[in-house]
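The basis for the numbers below is simple: all heavy atoms, side chains too, and nothing from hydrogens, waters or symmetry mates.
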Amino acid sequence: MPDVAEILIPLALDTAYSYVVPEGLALAEGDVVQVPLGPRETVGVVWGLSHSPGGSNLRPVTGRVAVAPLTEPLRRLVDWIARYTLAPKGSALALVLRLPDEAAARETARVAVRVSGKPPARRTPARDKVLETAADGALHGKSALAKLAGVSLSVVDGLIDDGALEAVAVEPEPVAPVPDPDHPRVPLSEAQEAAALALVQPAATAPLDAPHAGAVLLEGVTGSGKTEVYFEAVAHCVRAGRQALILMPEIALTAQFLDRFAARFGVRPAAWHSGIGGKRRERLRAAVAAGEARVVVGARSALFLPFRNLGLIVVDEEHEAAYKQEDGVHYHARDMAVVRGRLEGCPVVLASATPSIETRVNAERGRYRHVRLPERFGGRRLPDIQAIDMRLDGPERGRFLSPPLINAIKANLAAGEQALLFLNRRGYAPLTLCRACGHRYRCRNCSTWLVEHRFRRALVCHQCGYAEPRPQACTECGTFDNLTACGPGVERIAEEVAELFPDRRVIVLSSDFPGGAERLRMELEAVAAGECDIVVGTQLVAKGHNFPHLTLVGVLDADIGLTSGDPRAAERTFQLLQQVTGRAGRGERPGRALVQTYQPTHPVIAALLSGDAERFYAEEVMAREAAGLPPFGRLAALVVSAAEREAAEAHGQALARAAEPPPGVMVLGPAEAPLALVRGRYRFRLLVKTERNIDLQGYLRHWLARAPKPRGSLRVAVDVDPQSFL
DNA sequence: AGCACGCCGACT
DNA sequence: GTCGGCGTGCTC
């Protein structure tokens, strides 16, 4: 009776395929195997095994692949993700099982050389140079030596062939040094100690030796020392002999952070991010599977590493949108981390100064524990946040800095400290119009205004990237040199600042910083080092680098984003403003934030001023419930359109009846989706909503393929309005 | 993911 | 009349 194996292949396949196990091949669930698929060979994972009397018509498994098998929790995670995100199982597997990396295979082993003592058979000037350089008898990297001697690699190769140099295989540098949980460290504050204890010991009766499974929200303002607190949980986990994973958004994964880790644990942690490739990637993966890598710090994808003995997951900056994967399998790494924690039986710490609304809801409803860090470490206080009512204290015409803000900047500069002026608008001016004819320049592809970028001398669409040179004369009426810039962007603010403080160093930081990401990084470091007096920045400056000399934050227009029509606008604006104002006050004296607004009583502004985030979120959730929306999630619409009103209505209702959405996805009936006449056709929208991060558009297309087919001139389409995403 | 089949637009 | 676009379907 042949053994039959169910093999899941990391392709967009819904089900595992059956293969016969050849005589003499012992397979277990989770084993990675090679199997024939159509005309080629692929890898797959044994998802199930059975004895079957038939099966002679099945193709055989080619053989086992010599990598660590997928652990049971990881296999269950794949199943769970596929079910939850409505993705094919094979696609979920592909997150975990990367097809063998060709780059890794091509990468050659590092080779070092040293002089053997044997003189070369032939001597040339190039050869002499190499031998001189290597005369110290020490080991030299092959390519490094060639570079040092100023010759090409082939000269070194020739000397190796000749026997004058001997080649030695280099031990690859350790990929995962062992952290020391008891490395000497600075003592924690009382509040930090208490929080750290609460992470590892949820109740006085809970045993201290076993990490407590379940999710914990670790909430603490910037500077309260969240990192030090969860480092203690990591130390606890390492002492218990288990592995820990720290997830962070890619941008937060800086040398700065790795050094902080090293200060606590004596060594840098193993780092996993998109930049690590080839052999190093494979070696780290193997070290993780073998349990040798004790602590891994990584971006989103590190969640799918094959940990052998996972004891803790930390999701730092839990609220970050970077945790969302929006192509391929749609998932949210934070939520998947909570699931993996459950499957692995280990705790999950969600750390944030500004937790997302969904995490707050989960904490409030008791699904997550909630640990708060009340204050800034070292007695530093939160910045003092005050509103500047622009209706009373507004700037003069054509200016954007109000007198109170200007005075505050002056005082700050006099004290030798940095100021940050925050305006979430790139470019010089968001709107350009002709003074003669009133023509407003808009994008030819989108419905948006073109933003003037004075530095680039161009009008740019921030929606689609379309750009045209800024015209000398109006393209409509031909009037020369009569265009006017309306409203401020960061470039314009910098201009105003330069006029007010001509002898001060001002820098503009935004994502279109000339010179690219690398130069931007360097600039950020220069700013952190204090080589600048006034920073004018977009949301780019809200997170990432610490600016230790920054004690004043001016928010130039707090009202931007409040009226965008995005249901998540209030939440996003609140978080952004909280983050950016929180940047002040890392110096000796507590910082200050001044918020220019025309709506000081708006709930978002009021919440920011009072610092009462929880109340704000509670009100947000209530407002969404009142509007019939989930507290978080997304919306899409199925659109049925037809020339005949009856046909559209009838088919729309047929679709609504046919809908058999999986749990958590709701197809709303016709009552919520009224008929509309659009361009001569009757449109019938069925709203679909879910609290999950799934590919609704893809799901609806999939579902439409099975739903009743429209007849005649009827058309059914999926319409996802980005504005309707929650 | 590959690789086939298949059905409409511009060309040797 | 063909070459070739990429939409849809299949791989145990």
Trace of the side chain to side chain contact (heavy atoms under 4.5 Å, CB included) decision for A/Y323 with A/M248: CA-CA 8 Å; A/Y323 285 119; A/M248 20 184 52; 4.2 Å; yes
If you apply the rule side chain to side chain contact (heavy atoms under 4.5 Å, CB included), what do you find for A/Y84 with A/V339, and how did you get there? CA-CA 11 Å; A/Y84 184 83; A/V339 174; over 6 Å; no
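Contact annotation for A/L13: base contact, defined as any heavy-atom pair under 4.0 Å involving a base atom.
Nucleotide B/dA1 holds its C1' atom 11 Å from the CD1 atom of A/I9, rounded to whole Å. The distance between atom CZ of A/R40 and atom P of B/dA1, rounded to the nearest whole Å, is 11 Å. We find that CD of A/E41 is positioned 14 Å from P of B/dG2, with the value rounded to whole Å.
A 4.0 Å heavy-atom criterion places the boundary nucleotides of DNA chain C facing chain A at C/dT11 to C/dC12, written 5' to 3'.
Side-chain contact between A/V35 and A/R59 is absent, with no heavy atoms from C-beta onward closer than 4.5 Å. For the pair A/V45/A/V96, no side-chain contact is recorded, criterion being any heavy-atom separation below 4.5 Å from C-beta on. At a threshold of 4.5 Å between non-hydrogen side-chain atoms, the residues A/V288 and A/W272 do not count as touching.
Put simply, the residue from A/H319, A/E320, A/R334 that forms a side-chain hydrogen bond (donor to acceptor under 3.5 Å, both in side chains) with A/S352 is A/H319.
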